[in-house]
Amino acid sequence: MLISLAWKNIWRNKKRSLIIIAAISFGLWGGIFSSAIMVGMMESMVETAISRDLSHIQIHKKDYEKDLDVRNFIPDGISVLKKTQTVDGVGAAAGRCKINGLVASASSSYGVSIIAIAPDDSKQVTDIHTTILDGTYFESDRKNPILIGRKLADRLN
């Protein structure tokens, strides 16, 4: 009896009820849509971080994350890398040295992350070599080649 009375009360003013139903429907649709966009963005960010920077696993010296100092390197890192490459289930492994620094040109300067890599090993771990817009991926005969992003190149002129 209560349900039938409530149902009649809802449809007593049809215009008001339809407006409320439409508002709730649009609100739910907007919430689901924005949630789907956020989930997609988060998945894209994770995939980008894995494929361009982090890879699936990183090995650091103990307490490196607390103090990102260049002196916190892994002693005999090359042998650790070679041992890692021989572990069953490891598809590829590459060594890196990462430090923060400053890059400057005649017009400006910016703080950057400097990552030293072995280009051939890094090709197997990241997909940066597939995103080159101009130039080559460490195929130059020049000494100490570098790769920088388009945005940084534009900022430095």
Side-chain angles (χ1 to χ4, degrees), residues 1-70 72-74 80-81 83-85 87-105 107-119 121-138 146-157:
M1 182 167 139
L2 262 164
I3 293 175
S4 66
L5 185 62
W7 186 255
K8 287 178 186 176
N9 191 31
I10 288 173
W11 294 110
R12 190 178 58 180
N13 188 341
K14 290 180 183 173
K15 188 176 180 181
R16 176 194 65 193
S17 296
L18 289 174
I19 289 171
I20 296 297
I21 290 170
I24 290 171
S25 298
F26 284 126
L28 284 172
W29 181 83
I32 291 170
F33 184 74
S34 64
S35 177
I37 287 177
M38 295 293 274
V39 166
M41 285 175 49
M42 287 189 315
E43 285 181 9
S44 175
M45 288 171 52
V46 167
E47 276 301 312
T48 300
I50 289 172
S51 66
R52 297 223 176 123
D53 186 36
L54 300 174
S55 301
H56 292 283
I57 290 179
Q58 290 187 352
I59 301 172
H60 299 280
K61 185 177 179 183
K62 187 177 179 179
D63 296 331
Y64 169 76
E65 291 293 323
K66 292 179 185 174
D67 183 15
L68 301 175
D69 192 355
V70 72
N72 283 336
F73 63 92
I74 297 175
V80 172
L81 177 62
K83 286 179 188 174
T84 304
Q85 290 170 333
V87 173
D88 287 339
V90 173
R96 299 182 193 165
C97 180
K98 182 176 179 179
I99 59 171
N100 294 321
L102 184 72
V103 65
S105 70
S107 60
S108 60
S109 61
Y110 289 94
V112 294
S113 288
I114 302 167
I115 304 171
I117 63 168
D121 291 344
S122 190
K123 253 185 185 180
Q124 298 173 4
V125 177
T126 68
D127 69 352
I128 292 175
H129 64 281
T130 63
T131 61
I132 305 291
L133 298 176
D134 189 15
T136 60
Y137 183 78
F138 300 109
I146 64 168
L147 239 120
I148 61 172
R150 171 68 65 193
K151 191 183 259 186
L152 180 61
D154 291 342
R155 286 180 178 174
L156 295 172
N157 290 326

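Worth saying up front: this structure is predicted, and the values here are computed from it rather than measured.
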I148/I146 under side chain to side chain contact (heavy atoms under 4.5 Å, CB included): CA gap, chis, key distance, verdict: CA-CA 7 Å; I148 61 172; I146 64 168; 4.0 Å; yes
Over 12 foreign heavy atoms within 6.0 Å of CH2, W7: no
Close side-chain approach of R150 and L133, heavy atoms under 4.5 Å: yes
With sequence neighbours excluded, residues passing side-chain contact (heavy atoms from CB on, under 4.5 Å) with K66: D63
Residues, nucleotides or ligands: over 12 heavy atoms within 6.0 Å of I57 CD1: no
D121 CG to T126 OG1 distance, which is reported to the nearest 0.5 Å: 10.5 Å
Value rounded to 0.5 Å, distance of CE in M1 from CD1 in I3: 12.0 Å
Inter-residue atom distance W11.CH2 - S17.OG, 0.5 Å rounding: 5.5 Å
All pairs passing side-chain hydrogen bond (donor to acceptor under 3.5 Å, both in side chains) where residues 27-39 contributes a residue, at least two apart: none
side-chain contact (heavy atoms from CB on, under 4.5 Å) partners of S108, counting only residues at least two apart: S105, Y110, L156
For residues 88-96, which side-chain N or O atoms pair as donor and acceptor with protein atoms under 3.5 Å away, sequence neighbours left out?
residue, atom, partner, partner atom, Å
R96, NH1, D53, O, 2.2
R96, NH2, D53, O, 3.3
R96, NH2, S55, OG, 3.3

Listed partners of Q58 passing side-chain hydrogen bond (donor to acceptor under 3.5 Å, both in side chains), at least two apart: H60
N157: partners by side-chain hydrogen bond (donor to acceptor under 3.5 Å, both in side chains), with sequence neighbours left out: S107
Contact check, side chains of I132 and T130, non-hydrogen atoms, under 4.5 Å: no
Heavy-atom side-chain proximity of F138 to I117 below 4.5 angstrom: yes
Counterpart residues, side-chain contact (heavy atoms from CB on, under 4.5 Å), relative to I24 (two or more places apart): I20, L28
Min side-chain heavy-atom separation V112-N100 under 4.5 Å: no
Set of residues satisfying salt bridge (charged side-chain N to carboxylate O under 4.0 Å, His left out) with respect to D127, sequence neighbours excluded: R52
Chi angles and distances behind the side chain to side chain contact (heavy atoms under 4.5 Å, CB included) call for I114, K98: CA-CA 6 Å; I114 302 167; K98 182 176 179 179; over 6 Å; no
Contact check, side chains of I128 and L147, non-hydrogen atoms, under 4.5 Å: yes
T84 versus V80, closest heavy-atom pair with distance: OG1-O, 2.7 Å
Reported CG-to-NZ distance for the pair N13 and K15, which is rounded to 0.5 angstrom: 8.5 Å
Interatomic spacing from OG in S109 to CZ in R155 - rounded to 0.5 Å: 11.5 Å
Results of side-chain contact (heavy atoms from CB on, under 4.5 Å) for D67 - residues two or more places apart only: D69, N72
Pairs flagged by side-chain hydrogen bond (donor to acceptor under 3.5 Å, both in side chains) wherever residues 38-50 is involved - sequence neighbours left out: none
CD1-CD1 distance between I37 and I32, expressed to the nearest 0.5 angstrom: 12.5 Å
Pairing residues for Y137 by the ring pair (Phe, Tyr, Trp, His ring centres under 6.0 Å) criterion, not counting sequence neighbours: H129
Any I10 side-chain heavy atom under 4.5 Å of K8 side chain: no
